[in-house]
Number of protein chains: 2
Amino acid sequence: MKRAATRGTRKGSFDRPQHDHARCIADALQSAGTVCAAQGVRLTEQRRRVLELVWQSHRPIGAYEILDQLTDGSGRRAAPPTVYRALDFLLEHGLIHRVESRNAFIGCSHPGTEHVVEIMLCTDCGRAAEIDDQRIDRAVRAVAAEIGFRIERQTIEIAGRCGHCQARPAHA
Amino acid sequence: MKRAATRGTRKGSFDRPQHDHARCIADALQSAGTVCAAQGVRLTEQRRRVLELVWQSHRPIGAYEILDQLTDGSGRRAAPPTVYRALDFLLEHGLIHRVESRNAFIGCSHPGTEHVVEIMLCTDCGRAAEIDDQRIDRAVRAVAAEIGFRIERQTIEIAGRCGHCQARPAHA
DNA sequence: AGTGTATTGTTATACTATATCAAGAACAAC
DNA sequence: GTTGTTCTTGATATAGTATAACAATACACT
Ligand SMILES: [Zn+2]
Ligand SMILES: [Zn+2]
Ligand SMILES: [Zn+2]
Ligand SMILES: [Zn+2]
């Protein structure tokens with residue numbers, strides 16, 4: 001289960017604003033199915049819907065934003081545990097990532113593969129991009145090794161302005 | 001105002017558990033006074049007390065933990081805005097850092113100097129250490145430059161087990 | 001003392017997340 | 001297909017984190 005990782009327009013950087021995002025969503029859902037099948041867990045309808053909502057854009061989305069959109073057919077809003085349980089499942093199986101500095105979530109850009117999560121966040125358009133580069137991780141590991149620190153988890157979130165937004169006046 | 005940065009036992013790594021922590025606190029309070037004077041802002045008693053509580057250990061402390069210890073002489077607990085305002089002030093003037101992955105705060109180990117905040121968090125003893133090393137920042141900037149991203153703020157929090165804790169059975 | 005600004009007090013409320021127990025759906029074995 | 005088991009969802013309550021808004025006080029400066 002390595003091949004779904006680099007499909008679509010996802011390339012470890014910020015997509016063009018006009019990219020075919022329906023494709024991003026479709027790819028994410030398909031990969032999720034594959035990952036869950038491989039791990040012998042169930043991608044239930046509820047979980048699939050939450051994943052789809054997370055992927056509705058490249059902006060980190062909060063649990064309660066998801067909640068507001070998660071009506072149960074007859075328009076009744078779900079309760080918090082419903083969405084948090086789905087999010088926990090998706091986190092555990094590497095289908096989404098938590099953005100700590102925002103209390104929000106983004107879809108994982110390379111599900112089914114082991115990787116350190118490194119995220120860039122545009123403060124202008126609000127979008128996030130998962131970085132796919134070994135250098136930061138290598139630097140972190142070098143520093144940790146020197147002071148005898150055994151790494152368990154890395155939270156790397158870089159806020160700033162993406163290339164597309166720099167090419168325009170702010171907040172345009 | 002560069003010289004207070006490397007005083008005491010603070011060295012960009014985890015202190016020995018038995019270090020002279022009273023010295024850490026004293027140094028932090030003294031540096032804070034210097035920084036505030038240099039910036040022409042007031043380190044009020046309230047702010048000084050909150051800073052002291054943040055520095056009571058090297059473990060990140062939550063706003064409400066501070067609140068619980070912030071009695072107003074006659075034993076009356078302060079209200080949330082009181083502590084959040086003090087924390088905001090201390091953050092703005094670089095005297096503390098927010099640990100995003102924990103919704104908590106630590107004292108800054110080199111106040112009064114420009115620096116990227118990189119934090120290691122021990123999942124065993126719970127302590128935090130601010131790293132003072134250029135390599136991670138250089139790697140981050142190299143990656144950002146390649147994709148045309150202009151960095152504004154970095155959140156780098158590495159969780160794992162510190163050297164002191166690895167030298168003992170877990171949770172000892 | 002008088003005026004303007006910065007700080008703190010106070011109350012209410014918003015936002016984020018989890019605990020707990022009950023009900024329902026899926027699955028395996030018989 | 002029924003039973004027993006496990007996983008998943010529903011529902012209610014509550015915990016934990018953070019801010020809005022406005023009043024009162026303290027401080028700095030003339
Ligand atoms: Zn897309
Ligand atoms: Zn990922
Ligand atoms: Zn110390
Ligand atoms: Zn610092």
Side-chain angles (χ1 to χ4, degrees), chain A residues 32-33 36-37 39-54 59-93 95-106 126 155 157, chain B residues 32-33 36-37 39-54 59-93 95-106 126 155 157:
Chain A
C36 288
Q39 301 191 15
V41 293
R42 288 169 44 206
L43 183 63
T44 62
E45 179 58 15
Q46 192 93 256
R47 293 165 176 167
R48 207 193 60 84
R49 284 165 70 204
V50 169
L51 180 59
E52 196 170 1
L53 288 171
V54 168
R59 289 181 191 71
I61 185 172
Y64 280 73
E65 282 179 80
I66 294 171
L67 206 41
D68 289 338
Q69 298 179 60
L70 199 63
T71 53
D72 89 333
S74 59
R76 279 177 44 73
R77 207 189 75 149
T82 299
V83 72
Y84 279 104
R85 281 192 284 234
L87 289 170
D88 286 344
F89 173 90
L90 297 169
L91 284 169
E92 268 168 30
H93 296 91
L95 299 171
I96 63 174
H97 297 302
R98 185 181 158 80
V99 182
E100 300 287 356
S101 59
R102 301 271 233 267
N103 294 331
F105 304 84
I106 59 170
T155 298
E157 299 173 7
Chain B
C36 288
Q39 302 192 14
V41 294
R42 288 169 44 204
L43 183 62
T44 62
E45 179 59 14
Q46 192 93 257
R47 293 165 176 169
R48 208 194 58 84
R49 284 165 71 204
V50 169
L51 180 59
E52 195 171 0
L53 289 171
V54 169
R59 287 179 192 71
I61 186 172
Y64 280 74
E65 282 179 80
I66 294 171
L67 205 42
D68 289 339
Q69 299 180 60
L70 200 63
T71 54
D72 90 332
S74 58
R76 277 177 45 74
R77 208 190 72 149
T82 299
V83 71
Y84 278 103
R85 281 192 283 234
L87 289 170
D88 286 345
F89 172 90
L90 297 170
L91 284 169
E92 268 168 30
H93 296 90
L95 299 171
I96 62 173
H97 297 303
R98 185 180 158 82
V99 182
E100 300 287 356
S101 59
R102 302 268 235 266
N103 293 332
F105 305 84
I106 58 171
T155 298
E157 299 173 7

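Both backbone and side-chain heavy atoms feed into the values below; hydrogens, waters and symmetry mates do not. Since the model is a prediction, treat every value here as computed from it, not as a measurement. Chain naming here is simple, since letters A, B, ... match the order of the sequence lines and numbering starts at 1 in each.
- In this structure the side chain of A:V50 never reaches within 4.5 angstrom of the side chain of A:F89, judged on heavy atoms.
- Note that CZ of A:R49 and OG1 of A:T44 are 10.0 Å apart. Values are rounded to the nearest 0.5 Å.
- Atom CZ in A:R98 sits 9.5 Å away from atom OG1 in A:T155 (nearest 0.5 Å).
- When the C1' atom of D:dG10 is taken as reference, atom CZ of A:R77 falls 14 Å away, rounded to whole Å.
- As a whole-Å value, the separation of B:E45 CD from C:dT7 C1' is 14 Å.
- From A:F105, atom CZ reaches atom CG of A:L53 across 13.0 Å, with rounding to the nearest 0.5 Å.
- Taking every side-chain heavy atom of A:P80 into account, C:dA17 is the closest of C:dA17, D:dT19, D:dG10.
- Side-chain atoms of A:Y64 and base atoms of C:dA17 include a donor and an acceptor less than 3.5 Å apart.
- Axis orientation changes by 30° from one end of the helix from C:dA1-D:dT30 to C:dC30-D:dG1 to the other, with each end axis drawn from 5 pairs and the value rounded to 10°.
- Rounding to the nearest 0.5 angstrom, the gap separating the CZ atom in A:R47 from the NE2 atom in A:H93 is 7.5 Å.
- If you check every strand for non-hydrogen atoms under 4.0 Å, A:R42 touches sugar and phosphate atoms only.
- Here B:R48 pairs with B:E45 in a salt bridge; the nearest charged N to carboxylate O distance falls below 4.0 Å.
- For B:F89 and C:dT7, the CZ to P distance is 7 Å, given to the nearest whole Å.
- Computed from coordinates, the A:R49 CZ to D:dT9 C1' distance equals 12 Å when rounded to whole Å.
- Neither OP1 nor OP2 of C:dT16 sits under 4.0 Å from any side-chain N or O of A:R98.
- Whole-Å rounding puts the A:L91 CG to C:dA17 C1' distance at 13 Å.
- If you measure from atom CG of B:D88 to atom C1' of D:dT19, you get 10 Å, rounded to the nearest angstrom.
- Between A:E100 and B:E157, the closest side-chain pair of non-hydrogen atoms is not below 4.5 Å.
- If you check C:dT18, D:dT9, C:dT10 against the side chain of B:T82, the one that comes closest is C:dT10.
- Comparing A:A78 and B:F105 by the nucleotide of DNA chain D whose heavy atom lies nearest to each, the residue mapping closer to the 5' end is A:A78.
- Between A:L87 atom CG and D:dT9 atom P there is a gap of 12 Å when expressed in whole angstrom units.
- A:Y84 has no side-chain polar atom (N or O) that falls below the 4.0 Å cut-off from OP1 or OP2 of C:dT18.
- The structure places CZ of A:R77 at 10.0 Å from OG1 of A:T82, a figure rounded to the nearest 0.5 Å.
- OP1 or OP2 of C:dA17 has not a single side-chain nitrogen or oxygen of A:R85 nearer than 4.0 Å.
- DNA chain C is contacted by both B:T44 and B:P81; B:T44 maps to the nucleotide lying nearer its 5′ end (nearest heavy atom per residue).
- C:dT8 atom C1' lies 14 Å from atom CG of B:L67, rounded to whole Å.
- Put simply, B:R102 has no side-chain N or O that comes within less than 4.0 Å of OP1 or OP2 on D:dT17.
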